[in-house]
Amino acid sequence: MYDFVIAGARCAGASLAGFLGRQGYRVLLIDKYASPGPALSTHIIGETGVYERLGILDKMENSGAPAITRMRVDLNGSVFESDLVVTSRVIGLRRELLDRYLLDSALSHPSVKLLTETRVIGLLLDGDGRTSGFRCMHKDGMVRNYYGQVVIGADGARSLTARLLGARQLEGTPLNHCAVTYVYASQIEPLALPAVEWYWKDDSVVLCNPIDRSMHCIALMTDRIRLSGDKDSLNSLIREKLQGIRTLAPRLRRMQVEGGPRGIGPLGSHIRQCYGDGWALVGDAAAYLHPIAGVGIDNAVCCAEYLAQELSEYKEGRKTWQEAMTAYEEKLHGRVRPQYEHSLVTLRRRFEPLSDEGEERLRMLCTFPGLVKELGGRSEDVMALLTHS
């Protein structure tokens, strides 16, 4: 019998195991993969304190991933750029590195165990009907039961755990978000100052940010690109779409796609019921925001810390289960609900056309220094107008 059994050992599950393991709790991590591999992600990491508390910040900052201190927004060729505001820097780090760091940190605690190439296939219930563990199938086809005082789903946006538990959807959107195609690209000419680059191009969005190994992660948020077929043809199609952004195209002359494109379809966003009798959800299993928000990694790790704090309060007898989980839900919702609403607004703006007159005024604003200074002087009024429109 473990204190906690966690389905999913990527950034949410591994972080949670790390926080619980440092307190000596017996934790079992279960994951269907043999080891962390590439993940569908923008790879944008803005927090610092939570990774320092997990003991991996030095590894992250010495991984070869540049510290990105600027934000660059390009609307059909009109460019706005500034230092970051909500954080001093972000890091672009491939998930196959980040998740390995998190998993190694968790496994450094003797009370944390890991089962790989193991799939959850069902739930276990005690005599009172309370969730008490997972029924799992191993690579060799053997089926075994694993029991925990609390079971946790950290198995992603399409969480099987959430479905098995019957977790209700509290907020949700239809499956009509734009699809996302990701590529790692090398030999892109870098900007003088590293930036998260955001390109509005007609009804599409492209995010481009430098990551480790002197590569860039590019996320094309547009009509779904069929990823089956000839690799060279796919790479040519992606290059063609990127070449259509005239302010980005000159930097792509030597671009090479590394490892081939990967993508997700138009999956809807959701916020689910995040706990019940003997169980909890964390990461994308609890709340999934479209990648246009760029906050998925930090949300998963920070909410794992929230959950670990409240599980400890429960285990140490300082709170009842209901009190602890209510506090976890409040923290999770306080973080993700504003981001959820903001991401939906941003997605809707993809389909709001900019008139020729609007583009002309925008170009004037970008090219007349006096107007830029005037904009700065009236920024409070402009922000009030834009955020209440």
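Hydrogens, waters and symmetry mates play no part in the numbers below; they use all other heavy atoms, side chains included.
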Is a side-chain donor or acceptor of [X] paired with a backbone partner of [Y] at a separation under 3.5 angstrom?
X	Y	value
S343	L289	no
Q273	Y275	yes
S105	G55	no
S15	A304	no
E81	R72	no
R239	V257	no
K113	P110	yes
S132	Y147	no
Y340	G172	yes
R272	L170	no

| query | Which is it for D31 and T116 under the side chain to side chain donor-acceptor pair (under 3.5 Å) test, yes or no, and what are the steps along the way? | reply | CA-CA 5 Å; D31 202 278; T116 58; over 6 Å; no

Verify the cluster assignment for [X] and [Y]: are they in a single hydrophobic cluster under the rule of side-chain heavy atoms below 4.5 Å apart?
X	Y	value
V205	I68	yes
L102	Y33	no
Y146	V27	no
F19	I45	yes

Does any non-hydrogen side-chain atom of [Y] lie less than 4.5 Å from one of [X]?
X	Y	value
T173	H270	no
L20	L16	yes
V5	I152	no
N209	E197	no

Going by an N to O cut-off under 4.0 Å, is there a salt bridge joining [X] and [Y]?
X	Y	result
E189	R251	no
R361	E357	no
E171	R337	yes

| task | Evaluate side-chain contact (heavy atoms from CB on, under 4.5 Å) for V73 paired with M71, printing each intermediate quantity in order. | result | CA-CA 7 Å; V73 180; M71 181 75 188; 4.1 Å; yes

| field | Side chains of S312 and Q23, donor plus acceptor under 3.5 Å | value |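 Present: a donor and an acceptor within the cut-off.
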
| Modelled atom types, side-chain donor and acceptor of N76 and E359, under 3.5 Å |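 Present: a donor and an acceptor within the cut-off.
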
| field | Pairs meeting criterion salt bridge (Lys or Arg N to Asp or Glu O under 4.0 Å) with involvement of residues 200-215, two or more places apart | value |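 Every pair satisfying salt bridge (Lys or Arg N to Asp or Glu O under 4.0 Å) with a residue in residues 200-215: R94-D212.
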
| request: Please list all pairs passing the salt bridge (Lys or Arg N to Asp or Glu O under 4.0 Å) test where one or both residues lie in residues 132-157, with sequence neighbours left out. | output: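 Applying salt bridge (Lys or Arg N to Asp or Glu O under 4.0 Å) to every pair that reaches into residues 132-157, excluding sequence neighbours, yields E117-K139.
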
| Rounded to the nearest 0.5 Å, how far apart are CG of L115 and CG of L29? |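 Taking CG in L115 and CG in L29, the distance rounds to 9.0 Å.
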
| field | Euclidean distance, L281 CG relative to C303 SG, rounded to 0.5 Å | value |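 Here the interatomic distance stands at 12.0 Å.
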
| What residues, two or more places apart in sequence or in another chain, satisfy ring pair (Phe, Tyr, Trp, His ring centres under 6.0 Å) together with H109? |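 For H109 there are no ring pair (Phe, Tyr, Trp, His ring centres under 6.0 Å) partners, ignoring immediate neighbours.
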
| Listed partners of Y199 passing ring pair (Phe, Tyr, Trp, His ring centres under 6.0 Å), at least two apart |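 Per chain and number, Y199 pairs via ring pair (Phe, Tyr, Trp, His ring centres under 6.0 Å) with no residue.
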
| query | Knowing that exactly one of Q256, E258, R254, R253 qualifies, which makes a side-chain hydrogen bond (donor to acceptor under 3.5 Å, both in side chains) with Q187? | reply |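 Among Q256, E258, R254, R253, the one that satisfies the side-chain hydrogen bond (donor to acceptor under 3.5 Å, both in side chains) with Q187 is R254.
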
| said: Show me the pairs that pass side chain to side chain donor-acceptor pair (under 3.5 Å) and involve residues 34-52, at least two apart or across chains. | reply: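 Every side chain to side chain donor-acceptor pair (under 3.5 Å) pair that includes a residue of residues 34-52, provided the two are not neighbours, is H43-Y184, E47-R335, Y51-D298.
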
| request: Just grab all the side chain to side chain donor-acceptor pair (under 3.5 Å) pairs involving residues 1-14, residues at least two apart or on different chains. | output: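 Every side chain to side chain donor-acceptor pair (under 3.5 Å) pair that includes a residue of residues 1-14, provided the two are not neighbours, is D3-R26, D3-K315, R10-D99.
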
| task | Please assess Y328 against E323 for the test side chain to side chain donor-acceptor pair (under 3.5 Å), listing each intermediate value before the final yes or no. | result | CA-CA 9 Å; Y328 166 57; E323 289 169 341; over 6 Å; no

| Is R130 close enough and on-axis enough to W321, meaning under 6.0 Å and within 45°, for cation-pi? |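 The answer is yes, since R130 meets both limits relative to W321.
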
| field | For I44, the option from I297, V295, V196 that meets side chain to side chain contact (heavy atoms under 4.5 Å, CB included) | value |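 Considering I297, V295, V196, a side chain to side chain contact (heavy atoms under 4.5 Å, CB included) with I44 is found only for V196.
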
